[in-house]
Amino acid sequence: PFILEHTPMPTAQRTLRAPNAVWFAPVKAQLETGGQATFRLTGRSMRPFLEHERDHVVVASARGRQIKRGDVVLAQLGDDVYVLHRVWRIEGDNMVLRGDGNPYITEQCRRGDIVAVAVGFLRGPQRKPCALTSRAWRLHSALWPASPLGRRILLRLHRMLVLPWFPIVGHGRVEGV
């Protein structure tokens with residue numbers, strides 16, 4: 001599979017950045033040929049299960065796939081705006097997306113805006129594979145609360161109880177509370 005890395009420069013302070021339109025062009029080209037693409041995640045909207053600049057996602061083209069509630073998709077919301085979020089609700093051709101770490105914020109798109117569907121994740125610095133068919137991922141998907149209040153409470157507990165004891169380690173940095 002095609003692997004696109006967003007790799008920091010040798011000094012921990014410098015990171016290569018590019019506009020999303022430039023960044024995702026090779027990803028979209030690879031997907032159009034029927035291949036898969038892997039890239040490192042940025043952002044904290046899928047926390048606590050997927051972490052900023054630590055985890056990677058493996059995506060495949062959404063073309064011809066039946067997208068259903070709970071799928072993690074890569075959607076293009078504008079010329080330079082891409083999000084990797086879970087499908088929260090489907091209303092005909094319209095989809096409502098929400099990141100696991102977002103108690104309230106949602107995005108709306110049309111079915112045609114879905115560029116790719118996540119088929120797996122590589123978690124942690126060791127890139128441990130996590131299949132979406134695994135028992136752990138299915139359990140997380142089923143049990144993660146849909147209610148904003150439930151998400152808010154669990155995210156607060158994650159920040160207060162988990163991160164101080166098990167900080168996120170990714171690409172030379174340690175991120176805590």
Side-chain angles (χ1 to χ4, degrees), residues 3-9 12-24 27 37-59 69-78 80-89 95-109 113-130 132 134 136-137 139-177:
I3 297 178
L4 181 64
E5 274 284 345
H6 187 261
T7 307
M9 300 301 246
Q13 301 299 325
R14 298 182 66 198
T15 303
L16 179 63
R17 300 278 180 205
N20 279 340
V22 172
W23 182 249
F24 281 105
V27 171
T38 301
F39 56 92
R40 188 161 40 114
L41 299 172
T42 58
R44 292 170 178 82
S45 64
M46 289 298 284
R47 186 177 254 184
F49 302 101
L50 300 173
E51 288 294 342
H52 169 71
E53 291 189 352
R54 181 196 73 179
D55 297 331
H56 293 71
V57 62
V58 182
V59 295
R69 186 178 191 276
D71 285 349
V72 177
V73 299
L74 177 65
Q76 183 174 0
L77 303 180
D80 200 28
V81 180
Y82 291 82
V83 296
L84 183 83
H85 284 168
R86 191 178 299 275
V87 175
W88 186 51
R89 190 170 56 232
M95 301 205 169
V96 179
L97 310 177
R98 182 162 67 176
D100 288 353
N102 290 337
Y104 304 105
I105 300 169
T106 61
E107 294 87 15
Q108 298 198 17
C109 69
D113 297 330
I114 304 296
V115 175
V117 178
V119 295
F121 297 100
L122 304 172
R123 301 197 58 213
Q126 296 82 20
R127 292 186 170 191
K128 181 179 176 188
C130 175
L132 300 184
S134 71
W137 185 261
L139 186 64
H140 149 65
S141 297
L143 296 179
W144 190 243
S147 88
L149 180 60
R151 283 178 184 230
R152 197 169 154 199
I153 291 168
L154 289 178
L155 288 167
R156 169 77 69 146
L157 288 172
H158 175 72
R159 282 192 306 274
M160 291 173 50
L161 302 175
V162 176
L163 287 179
W165 293 98
F166 303 99
I168 306 303
V169 178
H171 291 280
R173 291 192 312 278
V174 176
E175 183 178 320
V177 181

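The figures here come from the full heavy-atom set of this structure, side chains too, leaving out hydrogens, waters and symmetry mates. Along the sequence shown, residues carry numbers from 1.
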Please list every donor-acceptor pair under 3.5 Å in which a side-chain atom of residues 114-122 meets a protein atom from a residue at least two apart or in another chain.
none

Heavy-atom pair of closest approach, residues His85 and Ser45
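Distance-wise, the nearest heavy atoms are NE2-OG, 2.7 Å.
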What is the minimum heavy-atom distance between His52 and Gly43, and which atoms define it?
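Distance-wise, the nearest heavy atoms are ND1-N, 2.7 Å.
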State which residues pass salt bridge (Lys or Arg N to Asp or Glu O under 4.0 Å) with Asp71; sequence neighbours excluded, sorted by chain then number.
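Counting only residues at least two positions away or on another chain, Asp71 forms a salt bridge (Lys or Arg N to Asp or Glu O under 4.0 Å) with Lys68.
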Looking at side-chain heavy atoms only, is the closest gap between [X] and [Y] below 4.5 Å?
X: Met46; Y: Asp55; value: no
X: Met95; Y: Glu107; value: no
X: Leu97; Y: Thr106; value: no
X: His56; Y: Phe39; value: no

What distance separates Asp100 CG from Trp88 CH2, expressed to the nearest 0.5 Å?
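Reported to 0.5 Å precision, the distance equals 12.5 Å.
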Test Leu84 against every option in Thr42, Val73, Val57 by the side-chain contact (heavy atoms from CB on, under 4.5 Å) rule and name the one that passes.
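Of the listed options, the one satisfying the test is Val57.
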Tell me, with the steps shown, if Phe24 and Leu74 meet side chain to side chain contact (heavy atoms under 4.5 Å, CB included).
CA-CA 11 Å; Phe24 281 105; Leu74 177 65; 4.0 Å; yes
Give a yes or no on this: more than 12 heavy atoms of other residues, nucleotides or ligands lie within 6.0 Å of atom CD1 of Ile105.
no
